[in-house]
Every structure is written in C-alpha cells, then in structure tokens.
Amino acid sequence: MAANPATAIFKVTLKEQIHIDKLPKHIAIIMDGNGRWAKQKGMIRAFGHENGTKAVREAVESASEIGIEFLTLYAFSTENWNRPKLEVQTLMKLLVSSLKKEISTLQDNNIKLSTIGNINALPVSAKKELLEVVEKTKDNNRMTLTLALSYGSREEITNALKEISLKVKNNIISPENIDESVIIEHLYTQNLPDVDLLVRTSGEQRISNFLLWQIAYAELYFTEILWPDFTKNHLYEAILNYQQRERRFGKTSEQIK
Ligand code: FPP
C-alpha cells in the first residue's frame, strides 16, 4: 500500500539537525565511567574498558562521518600509571588489540592516527603497534584521530619550558621573542588546532590535567552517560549543544554579530 504523504511522519534525526557549516573543528573527549559501568553490571573493571573500545569506535565513526577534522581522545593519563598493575596491563593490551583490529577501518575512512603524550613510557609492544599505525596512516587526510597516551598537560607544559629554556641558553631563541606561538610549537599538540569542544562523560565535571593550554576557549560539555554507553547520537547531541552557544573569545555579543 502506498504511503499517504499527508499522514507520513518525517522524523528529523539528530545528525540531520547539525549545521555542517558550524562544526567544531577540534573535539576532545575525556572518556570516563568505564569502571562504574562495569560495577553497575556486577562485572570487573576490565569489562568496562573492553566495552569502552566499542564507544571509541562510535565516537570515531560519527566524528568522521559528519566531517570533524580533529578528534582527540584521552585514553591514558600520566596519573593512570598509578592504577592496579593488572588494570594497566589490560588497558595496554586493549590498546594493542584495538589498533590491530581497527587499522583497516582507519585506512578505509582516510583517518590519520597520531598520539600525544610520553609514548616512550608505554610497553614496547604498545609503542611498536602505535608507531606502525601512525606510519601507515600518515598520508590520510579526512580526519586526524589523536590518542592521548601517558599524557599529562602539566608534564607537556613543563617539557615545553625545558626545551625553550635550552634554546635560550644556546642562543637559538632570545627571551623577548618568546610569545604564544613559540610555546605552541613546543607542545605535543603543535600540529593540532585549539580545542573547540571538550566532552566529558560520566557526570564528572573536571578537566583532569587534559589539554590545559589548548582548551583556553573551548566550550565544555558534560554528560551523565558512562563512556561504554556513548553512541553516535551522544556525540551529535554534544555538537548540537555546542552550536547553540555564542563563542565570544572575550568580545561582546554585539561585536560577534
Ligand atoms: C576512564 O574510565 C577510562 C580510562 C581510564 C581508559 C579509557 C580506555 C578505553 C576506552 C579503552 C581503550 C582505548 C583505546 C583508545 C583503544 P574509568 O576507568 O576512570 O571509570 P570510573 O571512573 O568509572 O572508574
């Protein structure tokens, strides 16, 4: 039977509501809540992390489908090394298995993988796999997916200061020439633009030493969703929320209009 156009209901999806000309260029996500998600199900924390990798896929697919240029995920912080040894091992194993599994998806979708953080601190197998995928995907240009691994923003800024001081000492830079661009060039994120939208899941409302310099003017979005439950629609909701905000960068509302 032919559908009656007068009664047909056209449901506009969240994705369709997004203004493609007003997309955040760089989205960063603090993926939080794997442990609580597992606990709610009476399972061990590793189960939460395993399911967290599915949410990583959802976030990567939705971001690249919609045309986000840069997606940065906080996968492992410098502070996470203090977790129980077994949990750290599980996270490193998941990283290696996910990289092995997803390399073809990255290639098929023209996604470049990059990393920020002290990857020398990672187990040899994880570092090797990571560098291999970074190398294989280096010419992809649809979206840059950056994994923050053994990453800490204070460590990043401290390292930048050390490098700049050394250059001053060796007369490569003079102190009066140090400006914001010099600092940016010495951060792990030298090839990434500032963050436009920072998302944190699980209801926690803090930054946890993530991209402190780079989020200076980011819009912050906190959701109660636990990371393993995060789906494409949750990312679209965050983007829609972002698009309703007025970014003034210190100016007045009238100046923006
Ligand atoms: C936070 O949840 C999550 C992490 C510390 C790790 C995130 C890792 C993954 C999603 C899996 C592997 C990642 C990749 C990129 C393949 P939590 O453990 O702090 O949760 P809780 O606050 O509820 O305890």
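Start at 1 and go down the list; that is how both ligands and their atoms are numbered.
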Those atoms of ligand 1 less than 4.0 Å from some heavy atom in [X]:
X     : answer
Asn80 : 5 (C)
Thr53 : 11 (C), 12 (C)
Arg45 : 17 (P), 18 (O), 24 (O)
His49 : 11 (C), 18 (O)

Of the side chain and backbone of Leu73, name the one, both, or neither that has a heavy atom under 4.0 Å from an atom of ligand 1.
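It is neither; nothing of Leu73 touches ligand 1.
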Is the contact between Glu204 and ligand 1 made by the side chain, the backbone, both, or neither, using heavy atoms and a 4.0 Å cut-off?
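Under 4.0 Å from ligand 1, Glu204 contributes no heavy atoms.
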Taking atom types as modelled and ignoring hydrogens, do the side chains of [X] and [Y] form a donor-acceptor contact shorter than 3.5 angstrom?
X      : Y      : result
His26  : Asp196 : no
Ser150 : Trp81  : yes
Arg247 : Tyr242 : yes
Asn159 : Lys162 : no
Thr201 : Thr223 : no

Any salt bridge between Glu246 and Arg248, counting N to O under 4.0 Å?
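A salt bridge links Glu246 with Arg248.
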Looking only at protein heavy atoms, which one is nearest to [atom], and how far off is it?
atom                    : value
atom 3 (C) of ligand 1  : Met31 O, 3.2 Å
atom 20 (O) of ligand 1 : Gly35 N, 3.0 Å
atom 9 (C) of ligand 1  : Asn34 ND2, 3.8 Å
atom 14 (C) of ligand 1 : Val56 CG2, 4.3 Å
atom 15 (C) of ligand 1 : Leu147 CD2, 3.8 Å

Pairing residues for Thr144 by the side-chain hydrogen bond (donor to acceptor under 3.5 Å, both in side chains) criterion, not counting sequence neighbours
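Testing Thr144 for side-chain hydrogen bond (donor to acceptor under 3.5 Å, both in side chains), a comparison that skips the adjacent residues, returns none.
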N/O to N/O below 3.5 Å, does that happen between [X] and ligand 1?
X      : value
Trp37  : no
Arg36  : yes
Ala75  : no
Arg83  : yes
Asp32  : yes
Trp227 : no

Give the single entry among Ser208, Ser98, Ala148 that approaches atom 16 (C) of ligand 1 most closely by any heavy atom.
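Selected option, by shortest heavy-atom distance: Ser98.
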Looking at Trp37, I'd like to know if the NZ or CZ of Lys39 sits under 6.0 Å from its six-membered ring centre while staying within 45 degrees of the ring's axis.
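The answer is no, since Lys39 fails at least one limit relative to Trp37.
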Would you say Lys232 has more than 12 foreign heavy atoms packed within less than 6.0 Å of its NZ?
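Atom NZ in Lys232 is crowded, with more than 12 foreign heavy atoms closer than 6.0 Å.
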Glu204 and Arg36: salt bridge (charged side-chain N to carboxylate O under 4.0 Å, His left out), yes or no, with the steps?
CA-CA 12 Å; Glu204 307 290 358; Arg36 277 163 284 166; 3.2 Å; yes
Please enumerate all residues that pass side-chain contact (heavy atoms from CB on, under 4.5 Å) together with Thr231, with sequence neighbours excluded.
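side-chain contact (heavy atoms from CB on, under 4.5 Å) check on Thr231 returns Glu58, Asn233, His234.
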